[in-house]
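See structure below.
We use all heavy atoms of the structure for the numbers below, so side chains are in, but hydrogens, waters and symmetry mates are not. Below, read A as the first sequence line, B as the second, and so on, with proteins coming before strands; counting in each chain starts at 1. Quantities reported herein were computed from a predicted structural model and do not represent experimental measurements.
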Protein chains: 2
Amino acid sequence: MSHKPLAPETLRVVAQRFKILSEPARLEVLNMLRKGPLNVSELIEATGLNQANLSKHLQILHAGGFVMRRRDGLFVIYEVADHSVFTLCDLMCGQLKRHATAQVKQLRMVR
Amino acid sequence: MSHKPLAPETLRVVAQRFKILSEPARLEVLNMLRKGPLNVSELIEATGLNQANLSKHLQILHAGGFVMRRRDGLFVIYEVADHSVFTLCDLMCGQLKRHATAQVKQLRMVR
DNA sequence: TCTCTATATAACTACATAGAAATATGAAAT
DNA sequence: ATTTCATATTTCTATGTAGTTATATAGAGA
C-alpha cells in the first residue's frame with residue numbers, strides 16, 4: 001500500500017532547492033531578472049536590498065544554479081540560468097488561487 | 001529596464017508555499033500519499049517520523065492546502081488535495097538534473 | 001604604486017522552526 | 001463513567017539563516 005520510498009538524499013536535495021525559492025527577496029531578484037541580465041548595482045536599485053544582503057542572496061541563487069554570472073570590468077552581471085523557474089512560480093500561484101478559492105467557499109458554507 | 005514589481009504580499013505568500021515544500025519530511029509525506037489516502041498511523045509507519053512531529057508536518061501541509069483530511073472513527077485520513085504538487089516536484093527534479101550535468105561539464109573543463 | 005569603485009565575505013544578532021517529550025483532546029468500547 | 005486508542009497540541013531545546021555592519025577582494029585608472 002505504501003509508495004516506493006525515494007532516497008532520503010533525493011528528498012534532501014529537492015527540498016533544498018525549494019528552500020532557495022522560499023525567500024521573498026530571492027523571488028524578487030529572479031523576477032527582476034526575468035526581462036534580462038542586470039548587474040549588482042542595478043539589482044540593488046531594483047530590489048531595494050542592501051548590498052551585502054543582496055550579494056548573499058545572489059550567491060545562494062548561483063550555488064543552486066538558478067542564475068549565471070559573468071564579470072564585465074568592475075561589474076558582475078547576473079542572469080536567469082533556467083527559465084523553467086518561472087513555470088514553477090506560475091504553478092505555485094495557480095495552486096494558491098485554487099486554495100484561496102476553496103477557503104472562501106468553505107467560509108460561505110459556515111455563514 | 002526593470003520588471004514590473006510584484007506586490008510584496010504576493011512574493012510573501014508564494015515564498016511561504018515554497019517553504020512548505022522545503023522540508024524533506026513533508027516531501028516524503030506527500031510522496032507516500034501519492035498512491036492514495038492514508039491515516040496517521042499508516043503514515044507513521046511509512047515515513048518513520050514520530051507521532052508528534054508527523055502531526056505537526058501534517059498541520060502545516062493542511063494549512064497550505066496541500067492535503068485534505070477527514071475523520072473515520074478513531075482515525076484521521078489524509079489525502080493529497082492538489083496533485084499538481086507532483087508536477088512542481090518533477091520540474092524541480094528536472095532543473096536539478098540539468099544543474100548537476102552543467103556542473104559536471106564545468107569540472108571536465110577545469111581538468 | 002596608490003586609489004577608487006563594485007562586489008564578496010566575515011562576524012554578529014535576532015528570529016523562525018524542526019524535533020522530542022509530555023500532555024491534552026476526542027471518539028469508541030466496555 | 002472510565003478506559004483505551006488515535007491524533008493534536010504544548011513546551012522546550014537546538015539549529016539554521018536573514019539582515020546588518022564592518023572588512024576584504026578584485027579590477028580599472030591615475
A:Asn50 atom CG is separated from C:dT9 atom P, nearest whole Å, by 15 Å
Residue pairs passing the salt bridge (charged side-chain N to carboxylate O under 4.0 Å, His left out) test where at least one lies in residues 7-31 of chain B, sequence neighbours excluded | B:Glu9-B:Arg12
Contacts of B:Phe86 that satisfy ring-ring contact (aromatic ring centres under 6.0 Å, His included) - sequence neighbours left out = B:His83
What nucleic acid atoms does B:Ser55 come within less than 4.0 Å of, heavy atoms only: base, sugar-phosphate, or nothing?
-> base
Going 5' to 3' on DNA chain D, which nucleotide is the first and which the last to come under 4.0 Å of a heavy atom in chain B?
-> D:dC5 to D:dT9
With sequence neighbours excluded, residues passing side chain to side chain donor-acceptor pair (under 3.5 Å) with B:Thr10 | none
Those residues at least two apart in sequence (or on a different chain) that pass side chain to side chain contact (heavy atoms under 4.5 Å, CB included) with A:Ala81 are A:Met68
Partners passing side chain to side chain contact (heavy atoms under 4.5 Å, CB included) against A:Glu45 (at least two apart in sequence or in another chain) = none
Does A:Tyr78 have a side-chain nitrogen or oxygen under 4.0 Å from the phosphate oxygens OP1 or OP2 of C:dA6?
-> no
Below 3.5 Å between N/O atoms, which protein atoms pair up with nucleotides 14-18 of chain C? Just atom names and distances, please.
residue: C:dA18; atom: OP1; partner: B:Arg26; partner atom: NH2; Å: 3.2

Does B:Glu42 offer a backbone N or O that forms a donor-acceptor pair with the side chain of B:Asn39 under 3.5 Å?
-> yes
Any pair with a residue in residues 24-68 of chain B that passes ring pair (Phe, Tyr, Trp, His ring centres under 6.0 Å), sequence neighbours left out, goes on the list, sorted by first then second residue, please.
-> none
With sequence neighbours left out, what residues match B:Arg70 under salt bridge (charged side-chain N to carboxylate O under 4.0 Å, His left out)?
-> B:Glu79
Qualifying residues under side chain to side chain donor-acceptor pair (under 3.5 Å), relative to B:Asp82, sequence neighbours excluded = A:Arg98, B:Ser84
Atom-to-atom span, CG of B:Leu54 to P of C:dG19 - whole angstrom | 11 Å
Sorted by chain and number, sequence neighbours left out, side chain to side chain donor-acceptor pair (under 3.5 Å) with A:Ser41 holds for none
Please list, pair by pair, any protein nitrogen or oxygen found under 3.5 Å from a nitrogen or oxygen in nucleotides 22-30 of chain C.
none

